[in-house]
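Treat the numbers as computed from the prediction; the structure is a model and nothing was measured. Atoms within a ligand are numbered from 1 in the order they appear, just like the ligands themselves.
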Amino acid sequence: MDNKQNQTKYIIVTGGVLSGLGKGITAASIGLFFSNDYNIVPMKLDGYLNSDPGTMNPIEHGEVFVLDDGFEVDMDFGHYERYLGNSAIKDQSLTMGRVFQEIQTKERAGDYLGKTVQMVPHVTNLIQEKIQNTAKKTNADIMLIEVGGTIGDMETELFIEAIRQLERKVGNQNMCFVHLTYIPIPGGVNEQKTKPTQQSVKMLQQRGIWPDFIVGRCSEELTQATKNKIALFANIEQKSVLSCKDLDSVYKVPNHFNDQGFVEQIAKKLEIKLKNKDKLNTWNKLLDTKKTNNLKIAICGKYTDLEDSYASVVESLKHCEYNLKTNIKIVWFDTENFKDNKTKLSGIDGIIVPGGFGSRGIEGKIDVIEFARINKIPYLGICYGLQLAVIEFLRNVCNKPDATSMEIDNKAQNPAITLLDEQQNVVELGGTMRLGKYEGKLKSGIVKDLYTKLDLINKNGIVSERHRHRYEVNPNIIELIEENGLKVCGNSIERDLVEFIELEQTKHPYFVATQSHPELKSKLEKPSPLFYGLIQAALKLKK
Ligand code: GLN
């Protein structure tokens, strides 16, 4: 074991009974308390065989989150960043697909010196190596490791076994296990039931892992009787069984844990100090603000069946709720049926067309954008929402009825949204887009004013946002849209690509779009300027 002072500490979060209980939020909420004083580095282990979630349909797996370094990761990284602050790096996301890929590469290279390559020790060793290398590379004081899936899932067994072995290596005093489970209250029984938790803890123990803490997700506070029972079966102290009751905001979970002395117990177990709670205090002040306004904002896309598909967009609106004292009701608008759903847009205060791919539902999105433009409803277009705003404007204002994107019609002559020359020959889908952090320079206008107001611009007018797209605005249509009032108000530094557009203020109160994904960087304590601007404009119109 390393010298004690340099020893990285490990907090492992596993899930039991069901998926979707909020392991990511639980991990991030614990991490928040240590993020002031320690370099706490989240890591997610996912059992699926994809290299990364980049090629997965959002309906299947929720939003694909993008890091500064351009790596596509699980949406839980959104929670980590919103709670802990820092951008993660590629190494912090590990899928079984990448583990196996590396094992295969090593085997072909003869690295195993004629040995039979096995799940144990070769795969489990590689997983431990990856975890420890990430700790070293990021200089982590604390590694906060979330094991995806539910205990008992075949696909996470190797991760669990690797962690069991890692505990032997680093010592029990340097590793702490938090197991999140579900406590149902069946209808008609009206009693908190602990059996599923007992069984899931047993499964963990059979695998050689003894949880230090059990967090019970439940529709209400766990009763003392429930805690006692779980403690007895899990062989832990009663105070180490925590409640995670349903709350009206995920930002209240850290406080809920704090009230139960959870983090102090973790600090004690890991022999680390909990010095201050600045961030919690900032959050609490915001969370306590009384919301006196009400708005209805439509999110218009084709993945509206699963709200997680647009998780960061939803979070960005929540950040505005607290910073602008407004209750926002989200109206999910399926653009595949614009005509049937159109009545849903009556009385709407703002419209967002978020990122998307492919040609399905596109004409509906263009109709929605036209509706926002003509009726002067505040509009925010994100990525595809910018590209389609340009197409709508060309078709309906600049008299170019054929305007389209290569993504919709790959044989189009002179498409308004096109592939750059160097992209023409890319055939693979995974990881081949313009991904990650890029800087853009803003010209004066609404967008620049907003970034200035929220102090997210440097003195040279440069801002930085993340990207995830393949197509770009064709430079040869810019003059035409600008002449008609749709201004390019920000370009990328490195290649002068269109990054931000806005309609002249004499024509529309707030019609703004960006090629980037500003939702990925919005924080409760610092909302994204473009969302802030949308809500501010909607409030102004309402008054
Ligand atoms: N489909 C568009 C592109 O690839 C936009 C992508 C997005 O909205 N994230 O360029």
Q) Which heavy atom of Asp91 sits nearest a heavy atom of Met43, and at what distance? A)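 Result for this residue pair: O-CE, 3.5 Å.
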
query = Can you list the steps and then say if Lys130 with Arg98 is a side-chain contact (heavy atoms from CB on, under 4.5 Å)?
reply = CA-CA 11 Å; Lys130 293 263 174 212; Arg98 291 230 314 290; 5.8 Å; no

In terms of side-chain geometry, is the basic nitrogen of Glu472 or Arg434 positioned less than 4.0 Å from the acidic oxygen of its partner?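 Yes, this pair counts.
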
query = Taking NZ, NE, NH1 and NH2 as the nitrogens, is one of them in Arg468 or Glu519 under 4.0 Å from a carboxylate oxygen of the other?
reply =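 The answer is no: the pair does not qualify as a salt bridge.
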
* Check salt bridge (charged side-chain N to carboxylate O under 4.0 Å, His left out) between Lys252 and all other residues, then give those that pass, not counting sequence neighbours. =>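 Partners of Lys252 by the salt bridge (charged side-chain N to carboxylate O under 4.0 Å, His left out) criterion, ordered by chain and then number, come out as Asp248.
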
Problem set entry | Pocket residues of ligand 1, ordered first by chain and then by residue number (heavy-atom cut-off under 4.0 Å) |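 Those residues closer than 4.0 Å to ligand 1 by some heavy atom are Gly355, Gly356, Phe357, Cys383, Tyr384, Gln387, Glu407, Arg468, His469, Arg470, Tyr471, His517.
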
- Distance-only donor-acceptor check, side chains Tyr251 and Glu315, under 3.5 Å: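 Yes.
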
